[in-house]
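Quick notes on the structure that follows.
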Amino acid sequence: MKIAVGCDHGGIVLKPVVEEVLKKNNIEIVDFGCYDENSVDYPDYALKVAEAVSQGEADKGIILCGTGIGISIAANKVKGIRAAVCHDLFTAQMCAQHNNANILSMGGRVVSKELAAQMVQIWLDTPFEGGRHCKRVDKITAIENKYFK
Ligand code: RB5
């Protein structure tokens with residue numbers, strides 16, 4: 001498994017713990033930056049990760065900004081991306097189980113390093129349940145197909 005990681009200056013505080021969890025799970029990491037706390041624009045990093053996932057260069061992605069909101073909004077503009085901003089273990093689990101989220105988004109100014117590490121682990125460990133949720137995820141794809149040219 002290969003996971004693309006991207007962040008802005010507001011999310012970089014979580015990147016080392018996220019990457020530590022991925023390494024412990026023997027997951028290959030593609031780190032798209034940023035690499036320091038200088039101010040950058042989160043859509044640039046959302047696009048790198050979302051394109052890698054959308055084009056199949058990475059299996060999944062993890063994105064980080066101050067709140068997890070801006071970077072997830074940007075990532076969700078890329079076809080095939082289901083980026084979920086999560087703040088706790090329940091939402092991190094559910095976005096995998098019910099929404100088949102292929103990108104996990106978290107806020108460096110919202111969640112602690114410890115919680116972020118646990119959220120990554122539960123997101124990795126939780127399979128998509130399928131069943132009735134397939135129809136709903138397919139309806140998301142149908143919306144994309146209607147509006148993405
Ligand atoms: C950057 O200051 C901040 O706006 C960004 O990290 C993020 O929180 C946006 O949603």
Side-chain angles (χ1 to χ4, degrees), residues 1-8 10-34 42-148:
M1 158 119 39
K2 194 190 278 191
I3 292 195
V5 177
C7 67
D8 75 352
I12 196 167
V13 64
L14 297 180
K15 194 164 74 161
V17 295
V18 165
E19 293 190 341
E20 194 183 314
V21 174
L22 297 180
K23 282 177 196 157
K24 271 191 200 152
N25 285 272
N26 294 315
I27 290 169
E28 191 181 338
I29 299 165
V30 191
D31 184 348
F32 283 107
C34 66
Y42 57 80
D44 298 337
Y45 299 89
L47 183 60
K48 290 171 198 276
V49 171
E51 282 184 336
V53 174
S54 176
Q55 292 166 12
E57 290 158 22
D59 300 293
K60 294 179 180 187
I62 297 178
I63 50 178
L64 312 161
C65 69
T67 58
I69 297 170
I71 202 162
S72 64
I73 292 172
N76 278 317
K77 301 297 178 191
V78 175
K79 192 168 168 60
I81 295 305
R82 292 178 303 280
V85 56
C86 296
H87 301 121
D88 51 47
L89 294 178
F90 182 70
T91 50
Q93 181 180 2
M94 283 301 120
C95 80
Q97 193 173 321
H98 286 188
N99 313 118
N100 202 11
N102 50 13
I103 295 185
L104 174 66
S105 183
M106 297 183 289
R109 298 170 185 158
V110 180
V111 298
S112 68
K113 292 177 187 173
E114 294 73 21
L115 179 56
Q118 291 174 344
M119 287 166 65
V120 170
Q121 191 62 59
I122 202 163
W123 178 67
L124 291 173
D125 288 345
T126 305
F128 178 50
E129 194 176 291
R132 69 188 188 281
H133 302 292
C134 282
K135 182 180 69 169
R136 296 161 186 167
V137 173
D138 286 349
K139 286 188 175 188
I140 296 173
T141 306
I143 295 171
E144 277 185 353
N145 291 337
K146 183 173 179 186
Y147 286 101
F148 282 46

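Below, all heavy atoms of this structure are taken into account, side chains as well, without hydrogens, waters or symmetry copies. In what follows, residues are counted from 1 in the order of the sequence shown.
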I need the minimum non-hydrogen distance between [X] and [Y], along with the two atoms involved.
X: Ile122; Y: Ala92; result: CG2-CB, 3.7 Å
X: Trp123; Y: Gly61; result: CH2-O, 3.3 Å
X: Ile12; Y: Cys34; result: CD1-O, 3.7 Å
X: Ala116; Y: Val111; result: CB-CG2, 4.1 Å
X: Cys65; Y: Gly70; result: SG-N, 3.9 Å
X: Ala52; Y: Ala4; result: CB-CB, 4.2 Å

Nearest 0.5 Å, please: how far is [atom2] in [Y] from [atom1] in [X]?
X: Arg82; Y: Cys95; atom1: CZ; atom2: SG; result: 10.5 Å
X: Met1; Y: Asn26; atom1: CE; atom2: CG; result: 11.5 Å
X: Thr126; Y: Gln121; atom1: OG1; atom2: CD; result: 9.5 Å
X: Thr67; Y: Met106; atom1: OG1; atom2: CE; result: 12.5 Å
X: Ile140; Y: Asn99; atom1: CD1; atom2: CG; result: 6.5 Å
X: Leu22; Y: Ile29; atom1: CG; atom2: CD1; result: 4.5 Å

Heavy-atom side-chain contact between [X] and [Y] under 4.5 Å:
X: Ile71; Y: Leu64; answer: no
X: Ile3; Y: Leu124; answer: yes
X: Met119; Y: Leu89; answer: yes
X: Lys24; Y: Glu20; answer: yes

Do the side chain of [X] and the main chain of [Y] share a donor and acceptor less than 3.5 angstrom apart?
X: Asn102; Y: Gly80; result: yes
X: Asp8; Y: Gly10; result: yes
X: Ser72; Y: Ile69; result: yes

- Query: If we ignore angles and hydrogens, is there a donor and acceptor under 3.5 Å between the side chains of Gln93 and Asp125?
  - Reply: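 Short answer, no.
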
- Thr141 versus Asp138, side-chain donor and acceptor atoms under 3.5 Å: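 No, because no side-chain N or O of Asp138 sits under 3.5 Å from a partner of the opposite role on Thr141.
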
- Query: Which residue pairs satisfy the side chain to side chain donor-acceptor pair (under 3.5 Å) criterion with at least one member in residues 44-59, sequence neighbours excluded?
  - Reply: none

- Task: Please step through side chain to side chain contact (heavy atoms under 4.5 Å, CB included) for the pair Cys7 and Leu14, ending with a clear verdict.
- Result: CA-CA 9 Å; Cys7 67; Leu14 297 180; over 6 Å; no

- Message: Run Ile27 and Lys60 through side chain to side chain contact (heavy atoms under 4.5 Å, CB included) and show every step you take.
- Response: CA-CA 11 Å; Ile27 290 169; Lys60 294 179 180 187; over 6 Å; no

- Does any pair with a residue in residues 94-119 pass ring-ring contact (aromatic ring centres under 6.0 Å, His included), and if so which ones, sequence neighbours excluded? His98-His133

- Scan residues 51-94 for pairs that pass ring-ring contact (aromatic ring centres under 6.0 Å, His included), counting only residues two or more places apart or in two chains.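 Non-adjacent pairs meeting ring-ring contact (aromatic ring centres under 6.0 Å, His included): zero.
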
